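Every value quoted in this text rests on a predicted model; they were computed, and no experiment measured them. One-based numbering, in listed order, for ligands and for the atoms of each.
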Amino acid sequence: MSSLAVLGCMWGDEAKAKIVDYLGDKADFVVRFQGGSNAGHTIHNQGQKYVFHSVPSGILYKQSKCVIGPGVVIDPFSLKAEIDALKKLGIAFENRLFIDERAPLVLPLHQILDSGTEDKLGKQKIGTTRRGIGPAYSDLASRVAIRFGDLAYPEWLEDRLLNLYKFHNEKLSAAKLKSLLKELAELYADLKDFSAKTDELLYEAYLSGAFILFEGAQGTLLDISFGTYPYVTSSNTIAGGISIGTGLPPRMLDRTLGVYKAYSTRVGEGPFPTELKNEIGDRIRTQGNEFGSTTGRPRRVGYFDAVAAAYTARLNGLDAIAVSLLDVLSGISELKICTGYWLGNKRLESFPSHPLELSKVEPEYLDCVPWDADISGCKSLSRLPKAARDYLDVIQDLVDRPIELVSVGKDRNQTIKIKSKK
Ligand code: IMP
């Protein structure tokens, strides 16, 4: 019996899905424990591109069962569309997808609230995906949420909907209520076979020797408590969120693998110390196709930030790390890694918790030797140019975790497995 978490360790979009895909064909269960359809996990498999928002990407492997835990917020409209699209590509779901009855729903009202708040906030806006994620989690904490299991009880559901709209001071006409109930009933007819108590399922699976893979969404610096608040998502993205979001006891998490890009990106607002607002940033954005898979927004790009990376490695108790998109840095003429932060004439000893402080820090950089060669065909570390190997060594030393995987392209076989030196 064993379990492994694959976690994004910066601001999301670290190519976690590619790493989950690389490891996932051995997984008996692939589990989402937080977030919702704000995630966009892209996998390229045998020439086919798959984009996942709520369905765990393990659905691609015939032997894997997939779990959407109670910590995930579910938009039943987009989930149904996602399942239908995957079915069209020949993917089977029967007895393979399990959705926890306790998972809170994201309803159209939440998307309206999300967009409304963003528009109202002006300069203070978060830059959310406008998928209704924040309002859905807020409603859970306010105890007015509607949960997946509520869809099984129409009368209760009607009361809960009336309650929800009352709570938000939103009008719900009799006609609108009727049509919403009808839509939800139709969706539930299609989704009810997936309904489960996934905590029981995973507990039994772990005890019976299954290999369970937890698929993180977003990244550690977007964690609601430990991220760059308020510019964060509304769930706990760190390893600690796994127990909360699945009901599996913490001691049943055996290993954590953190995924870091070879550089940094962020979407939405908020401080980003190593951001590059110049030609180098533009070039990395173009070479890395750094545009959001959920919203299409251009991502902000920056140098690798080892101060933030060491912070997130500690928070997640990482056993090892994977470095993704190293190939994107080929031909980037000026390569640097951030080794420290300066605030005025003080060198900070730890990652700032206040956004004002983080927005004022001056990064201290180590210049790295660039390389030109196309490395996307390299199958081993020794095939990489020396400069690229040195670059990885710097990351490994500063983050103080062994690099286990290096991704040099989109496909599964463009992955270098490294025997740990440490
Ligand atoms: P929300 O999760 O839609 O509420 O957005 C909150 C913040 O998290 C915004 O800065 C988003 O851009 C960011 N975010 C949410 N999901 C993702 C993701 O999957 N990748 C990268 N950033 C994300």
Side-chain angles (χ1 to χ4, degrees), residues 6-20 32-43 51-57 71-75 78 82 104 106-121 123-141 215-238 241 245 259-261 263-272 275 285 288-302 308 312 324-325 355 358-359:
V6 176
L7 303 165
C9 285
M10 294 296 279
W11 284 286
D13 307 316
E14 297 89 352
K16 298 174 281 293
K18 145 99 200 245
I19 303 299
V20 170
R32 279 280 306 270
F33 59 93
Q34 47 70 227
S37 65
N38 48 350
H41 293 166
T42 309
I43 290 182
V51 182
F52 298 92
H53 295 289
S54 297
V55 175
S57 56
V72 176
V73 286
I74 297 175
D75 174 344
S78 86
E82 191 177 337
V106 182
L107 295 173
L109 173 65
H110 295 117
Q111 279 150 13
I112 294 167
L113 293 171
D114 196 357
S115 289
T117 309
E118 282 287 280
D119 293 340
K120 252 188 282 178
L121 286 177
K123 230 175 75 186
Q124 284 271 322
K125 78 173 179 345
I126 307 301
T128 73
T129 59
R130 298 182 178 232
R131 296 287 162 118
I133 306 299
Y137 278 115
S138 304
D139 279 356
L140 178 69
E215 181 176 27
Q218 291 83 48
T220 299
L221 296 176
L222 292 174
D223 182 278
I224 182 91
S225 305
F226 296 97
T228 51
Y229 192 90
Y231 305 100
V232 293
T233 191
S234 298
S235 60
N236 284 113
T237 57
I238 60 171
V259 188
Y260 294 89
K261 263 180 189 164
Y263 47 96
S264 306
T265 60
R266 140 161 244 182
V267 248
E269 308 301 318
F272 183 2
E275 183 167 14
R285 182 179 304 105
N289 191 25
E290 291 294 354
F291 298 89
S293 43
T294 298
T295 59
R297 289 181 289 178
R299 295 178 184 141
R300 297 158 68 194
V301 171
T312 65
S324 61
L325 294 126
L358 190 62
S359 66

shortest atom 21 (C) of ligand 1-to-protein heavy-atom contact is with Asp13 OD2, 3.0 Å
d(Lys261 NZ, Met10 CE) to nearest 0.5 Å is 10.0 Å
When Thr312, Ile238, Leu358 are each screened for side chain to side chain contact (heavy atoms under 4.5 Å, CB included) with Leu221, the one that passes is Thr312
Here the pair of heavy atoms bringing Leu222 nearest to Gln218 is CD1-CB, 3.9 Å
Note: ligand 1 atoms sitting under 4.0 Å from heavy atoms of Ile126 are 10 (O)
for atom 3 (O) of ligand 1, nearest protein heavy atom and its distance come out as Thr129 OG1, 2.5 Å
Ligand 1 atoms nearer than 4.0 angstrom to some heavy atom of Val232 are 6 (C), 7 (C)
The closest protein heavy-atom partner of atom 2 (O) of ligand 1 is Thr233 OG1, 2.6 Å
the protein heavy atom lying closest to atom 5 (O) of ligand 1 turns out to be Thr128 CA, 3.3 Å
The atoms of ligand 1 lying under 4.0 Å from a heavy atom of Ala39, numbered in the order shown, are 19 (O)
When rounded to the nearest 0.5 Å, the distance separating OG of Ser57 from CD of Glu215 is 3.5 Å
Separation between CG (Asp75) and CD (Glu82), nearest 0.5 Å, reads 10.0 Å
Checklist entry - Do any heavy atoms of Trp11 fall under 4.0 Å from ligand 1? => result yes
Determine whether any heavy atom of Ala217 lies closer than 4.0 Å to an atom of ligand 1. no
Numbered in order shown, the ligand 1 atoms found under 4.0 Å of a heavy atom of Gln218 are 15 (C), 16 (N), 17 (C), 18 (C), 19 (O)
Heavy atoms of Val259 and Ser324 approach each other most closely as CG1-OG, 4.2 Å
- prompt: Please walk me through it: do Arg131 and Val106 pass side chain to side chain contact (heavy atoms under 4.5 Å, CB included)?
  reply: CA-CA 8 Å; Arg131 296 287 162 118; Val106 182; 5.9 Å; no
May I ask whether Arg299 has any heavy atom positioned less than 4.0 angstrom from an atom of ligand 1? no
> Does Asp114 have a non-hydrogen atom less than 4.0 Å from ligand 1?
Replying inline: no
Open item on the list: Just by distance, no angles: are the side chains of Thr265 and Asp13 close enough, under 3.5 Å, to form a donor-acceptor pair?
Closed with: no
Can you see whether Thr228 engages Arg266 through a side-chain donor-acceptor pair at a distance of less than 3.5 angstrom? yes
If you scan protein heavy atoms around atom 10 (O) of ligand 1, the nearest is Val267 O, 3.1 Å
Note: Gln34 and Asn236 closest approach over all heavy atoms is CG-O, 3.4 Å
- For Gly127, is the nearest heavy atom under 4.0 Å from an atom of ligand 1? yes
Value for CD (Glu14) from CG (Leu7), rounded to nearest 0.5 Å, stands at 9.5 Å
Among non-hydrogen protein atoms, atom 14 (N) of ligand 1 lies closest to Leu222 CD1, 3.8 Å
Quiz prompt | Residue-ligand contact Arg131/ligand 1, heavy atom below 4.0 Å | solution = no
So the atoms of ligand 1 within less than 4.0 Å of a heavy atom of Arg297 turn out to be 11 (C), 12 (O)
